[in-house]
2 protein chains.
Amino acid sequence: MPQFSPDSLHTFTQALLVSRGMSAADAQTVADSLSWADRSGVASHGIAFLPRYIDFIAHGDLDPRAQPEVISQPPGPWVIDAHRAAGSVAMRFAVDTAFGALRDAPTVMIWIRRMTHSGAMGQYVEDAVRQGMIAIAWTAGQPLMAYHGTGRAAATTGPLVMAAPGPEGEPVVLDMATTDVSNGRLRQARRLGKTLPPDTVLDAQGAPTTDPNEAVTPLPLSGPKGAGIALMFEMMTSLVAGNPITGPFIHAKDRPRHGQNAMLMLARISAFGELSAGYPAHASELVNTLKSMPRAQGADEVLLPGERRARARARTQTRGVVDVNDQVWTELTQLAGAAGVALPLSPP
Amino acid sequence: MPQFSPDSLHTFTQALLVSRGMSAADAQTVADSLSWADRSGVASHGIAFLPRYIDFIAHGDLDPRAQPEVISQPPGPWVIDAHRAAGSVAMRFAVDTAFGALRDAPTVMIWIRRMTHSGAMGQYVEDAVRQGMIAIAWTAGQPLMAYHGTGRAAATTGPLVMAAPGPEGEPVVLDMATTDVSNGRLRQARRLGKTLPPDTVLDAQGAPTTDPNEAVTPLPLSGPKGAGIALMFEMMTSLVAGNPITGPFIHAKDRPRHGQNAMLMLARISAFGELSAGYPAHASELVNTLKSMPRAQGADEVLLPGERRARARARTQTRGVVDVNDQVWTELTQLAGAAGVALPLSPP
């Protein structure tokens with residue numbers, strides 16, 4: 001597998017997006033998002049996704065020149081229309097909008113309609129948490145997983161993000177799909193010929209399988225529970241903000257249009273005054289309690305949501321490089337050639 | 001198993017609570033909550049819980065005379081202190097408070113601190129959904145399930161509630177614990193000697209077991225995901241509102257104090273104006289699409305969140321009675337005798 005410095009991949013990502021009509025600033029925002037995922041060990045949402053972004057632009061699903069716009073605000077609800085801008089551009093705009101709103105109110109709920117693939121959703125709330133907020137966010141995107149009982153894809157995989165300051169104010173960030181087996185894990189199982197856990201995926205006929213090469217449709221986590229969360233994401237976000245995704249996707253005759261809607265909620269902890277004065281001490285006590293408890297059989301340690309990703313980022317910083325898999329590298333080489341953009345150089 | 005009319009159980013519940021110092025109005029609210037669960041086929045949250053409520057009162061965990069109070073409101077965050085009132089009294093007060101807040105704003109987030117057992121949480125948002133709102137709610141209660149990696153109980157089981165209007169405006173209400181196997185299902189498995197699904201519970205030593213008689217600690221659904229949701233409930237609710245539950249419970253030397261905190265978020269769909277004008281049609285289309293899709297192998301039908309409970313209520317109305325299990329009946333008989341309250345009569 002070729003290896004590259006995060007900086008060189010970032011420069012390349014930005015240049016390729018600029019070659020497709022995106023402004024330097026927006027291309028930087030998207031490159032930041034992909035780089036964050038690669039550095040965090042979430043390769044599925046890193047530069048591996050760049051060829052799909054280029055494809056979304058080619059099909060008109062992603063408008064590289066679009067600018068998100070606030071189309072409703074108090075006294076109405078906060079609603080942003082992303083006008084098909086890149087998901088990371090829309091989410092950064094939503095966070096900025098939320099920060100503005102939090103100057104006048106202690107809590108804010110924002111709907112974001114007509115954006116595109118969000119990238120690794122957890123990253124957008126980290127700054128807010130560092131500044132003393134709690135955050136909830138999710139996306140309602142294309143139905144890639146079964147709804148409980150259906151034999152084909154019929155529900156969004158989210159993700160659901162919940163985040164709050166932990167010890168030392170460091171963000172604790174849950175960022176979870178509504179499936180048990182992620183698409184990234186499915187692809188990896190295919191590459192390695194690894195058997196999948198039982199009751200996590202269906203084959204093309206809607207029957208459960210553990211064979212990664214027969215696996216087509218991930219099942220929702222815990223059956224009706226994961227399915228229910230996904231359905232509520234679509235109803236609360238896509239239907240409320242007037243941009244349904246699940247129904248039109250399932251009924252599409254040709255290539256279904258790519259798109260996502262999202263939700264962002266923030267609350268400023270300090271607004272709770274004396275009630276929240278003990279928050280830092282209580283958060284440390286809670287985490288220390290969990291980490292020092294007797295372990296389940298076979299468990300090495302007790303981890304917080306996002307702790308694995310934070311460790312991966314520290315490791316990347318030490319190593320100075322991230323891996324890019326061969327297939328992704330081949331695709332990027334072709335895209336670079338077609339666009340006349342210089343490829344990133346592998347360190348010697 | 002003895003059977004009773006819902007009305008006779010309701011009357012008995014109210015009388016027993018009044019005998020312990022609760023006002024008739026508040027006792028009616030609690031009786032409504034338990035009755036709703038029994039009629040919905042959720043016996044674990046029905047009259048079977050009444051002996052525990054009486055026990056909470058005896059230990060001073062539940063103050064039958066306490067009245068919930070708004071202790072913070074705009075320009076600050078909405079916070080209710082329940083002062084240890086019954087959970088259903090606190091949640092009904094929270095919903096009323098939210099309705100008031102929604103006269104001035106299209107969305108509202110409310111923290112509820114120091115309440116007691118919520119009862120079946122889904123019921124409190126049904127009226128709001130019938131009046132055109134979407135709702136999110138959860139409780140952060142006693143740690144009854146393992147946190148991913150711990151061998152003992154260390155995280156709340158929620159529940160998480162998400163609700164929105166479905167076809168004909170009927171509420172679609174997801175009301176889910178953060179475990180795969182509920183405590184009710186665990187008790188039932190013990191009664192029937194039924195093997196539990198693998199990797200859903202731990203024994204006293206923190207090892208996985210499928211033997212219901214060895215089962216002590218339910219595991220979080222989907223491992224780190226269910227655990228992460230539960231941890232975030234505690235951080236976002238209990239720590240922000242200054243009433244930690246998980247840490248003090250784990251460290252308690254004697255009988256740990258019972259208590260819960262909760263969160264309620266509502267948004268009025270009509271506030272989205274033209275954006276949400278298509279909501280009723282889109283909701284019907286979405287549900288019809290899911291229900292008419294090819295089935296997974298072995299699946300009879302595709303159900304919406306809450307659909308099973310709604311069917312149980314319709315069935316109860318036809319039958320005119322609910323079952324009370326023998327052990328619960330024995331406990332209720334003793335409590336009734338001690339309080340001098342007339343027992344409900346079984347229909348002939």
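Computed from heavy atoms alone, side chains included, the values below leave out hydrogens, waters and symmetry copies.
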Q.
Out of A:Ser238, A:Gly298, A:Ala177, A:Ala299, return the one with the most heavy atom pairs under 4.5 angstrom to chain B.
A. A:Ala177
Q. Pick from B:Ile71, B:Asp180, B:Ile269: which one has the most heavy-atom pairs with chain A under 4.5 Å?
A. B:Asp180
Q) With respect to chain A, which residue among B:Gly228, B:Pro294, B:Ala164 yields the maximal number of heavy-atom pairs within a distance under 4.5 Å? A) B:Pro294
Q) Considering only heavy atoms, which portion of A:Ala241 lies under 4.5 Å from any heavy atom of chain B: side chain, backbone, both, or neither? A) backbone
Q.
Could you measure the distance from the CE atom of A:Met162 to the CG atom of B:Leu231? Nearest 0.5 Å is fine.
A. 9.5 Å
(Q) How long is the straight-line distance from CH2 of B:Trp78 back to OG1 of A:Thr107, given to the nearest 0.5 Å? (A) 11.0 Å
Q) Under 4.5 Å between any side-chain heavy atoms of B:Met235 and A:Tyr279, yes or no? A) yes
Q | Top of A:Thr289, A:Ile134, A:Leu239 for chain B proximity - count of heavy-atom pairs under 4.5 angstrom | A | A:Leu239
Q: Carefully, step by step, assess A:Leu221 and B:Leu221 under the rule side chain to side chain contact (heavy atoms under 4.5 Å, CB included).
A: CA-CA 8 Å; A:Leu221 64 87; B:Leu221 64 88; 3.0 Å; yes
Q) Which atoms of B:Pro165 come close to chain A, meaning under 4.5 Å heavy atom to heavy atom: side chain ones, backbone ones, both, or neither? A) backbone
Q) Which one, B:Gly278, B:Pro198, B:Ala227, B:Gly76, leads in non-hydrogen pairs under 4.5 Å with chain A? A) B:Gly76
Q. Any idea which of A:Glu285, A:His282, A:Lys291 has the most non-hydrogen atom pairs under 4.5 angstrom with chain B?
A. A:His282
Q.
Testing the basics here: between A:Ile250 and B:Met293, what is the closest heavy-atom pair and its distance to 0.1 Å?
A. CD1-SD, 3.8 Å
**Q.** Pair A:Leu286-B:Glu234, side chain to side chain contact (heavy atoms under 4.5 Å, CB included): steps then yes or no
**A.** CA-CA 9 Å; A:Leu286 175 59; B:Glu234 174 71 1; 3.8 Å; yes
Q) Taking every heavy-atom pair that is under 4.5 Å apart, which of A:Arg113, A:Met176, A:Glu301, A:Lys225 has the most such pairs with chain B? A) A:Lys225
Q. Are any non-hydrogen side-chain atoms of A:Met265 and B:Ile136 less than 4.5 angstrom apart?
A. yes
Q: Give a yes or no on this: more than 12 heavy atoms of other residues, nucleotides or ligands lie within 6.0 Å of atom CZ of B:Arg152.
A: no
Q.
Non-hydrogen contacts under 4.5 angstrom with chain B: give the residues of residues 199-207 of chain A involved, or none if there are none.
A. A:Leu202, A:Gly206, A:Ala207
Q) Among B:Ala267, B:Pro248, B:Ala271, which has the most heavy-atom pairs under 4.5 Å with chain A? A) B:Ala271
Q | Straight-line distance of A:Asn243 CG to B:Leu275 CG, nearest 0.5 Å | A | 9.5 Å
Q) Which bit of A:Val172 comes within less than 4.5 Å of chain B, counting heavy atoms only: side chain, backbone, both or neither? A) both
(Q) To the closest 0.5 Å, what do you measure between CE (B:Met232) and CG (A:Leu160)? (A) 10.0 Å
Q.
For A:Arg308, is the CZ atom crowded, meaning more than 12 foreign heavy atoms sit under 6.0 Å from it?
A. no
Q) Under the side-chain hydrogen bond (donor to acceptor under 3.5 Å, both in side chains) test, which residues partner A:Glu274, sequence neighbours left out? A) none
(Q) Within the supplied structure, the quantity of interest is the number of heavy atoms (other residues, nucleotides, ligands) at a distance under 6.0 Å from B:Arg114 CZ; does it exceed 12? (A) yes
Q. What part of A:Val240 lies closer than 4.5 angstrom to a heavy atom of chain B: side chain, backbone, both or neither?
A. both
Q.
Need one label for A:Ala153: side chain, backbone, both or neither, based on atoms under 4.5 Å from any heavy atom in chain B.
A. backbone
Q. Which answer fits B:Arg268, side chain, backbone, both or neither, if we ask what part of it has an atom under 4.5 Å from a heavy atom of chain A?
A. neither
**Q.** chain B contacts, top residue of A:Pro208, A:Ser222, A:Gly242 (heavy-atom pairs, under 4.5 Å)
**A.** A:Ser222
Q: Under 4.5 Å heavy-atom distance to chain B, tell me which part of A:Pro143 shows up: side chain, backbone, both or neither.
A: neither
Q) So which heavy atom on B:Pro77 is nearest to which on A:Pro106, and how close? A) N-CG, 3.3 Å
**Q.** Segment of A:Thr150 engaging chain B (4.5 angstrom heavy-atom cut-off)
**A.** both
Q. Pick from A:Phe272, A:Trp111, A:Tyr147: which one has the most heavy-atom pairs with chain B under 4.5 Å?
A. A:Phe272
Q | Proximal component of A:Pro75, with respect to chain B [non-hydrogen, under 4.5 Å] | A | backbone
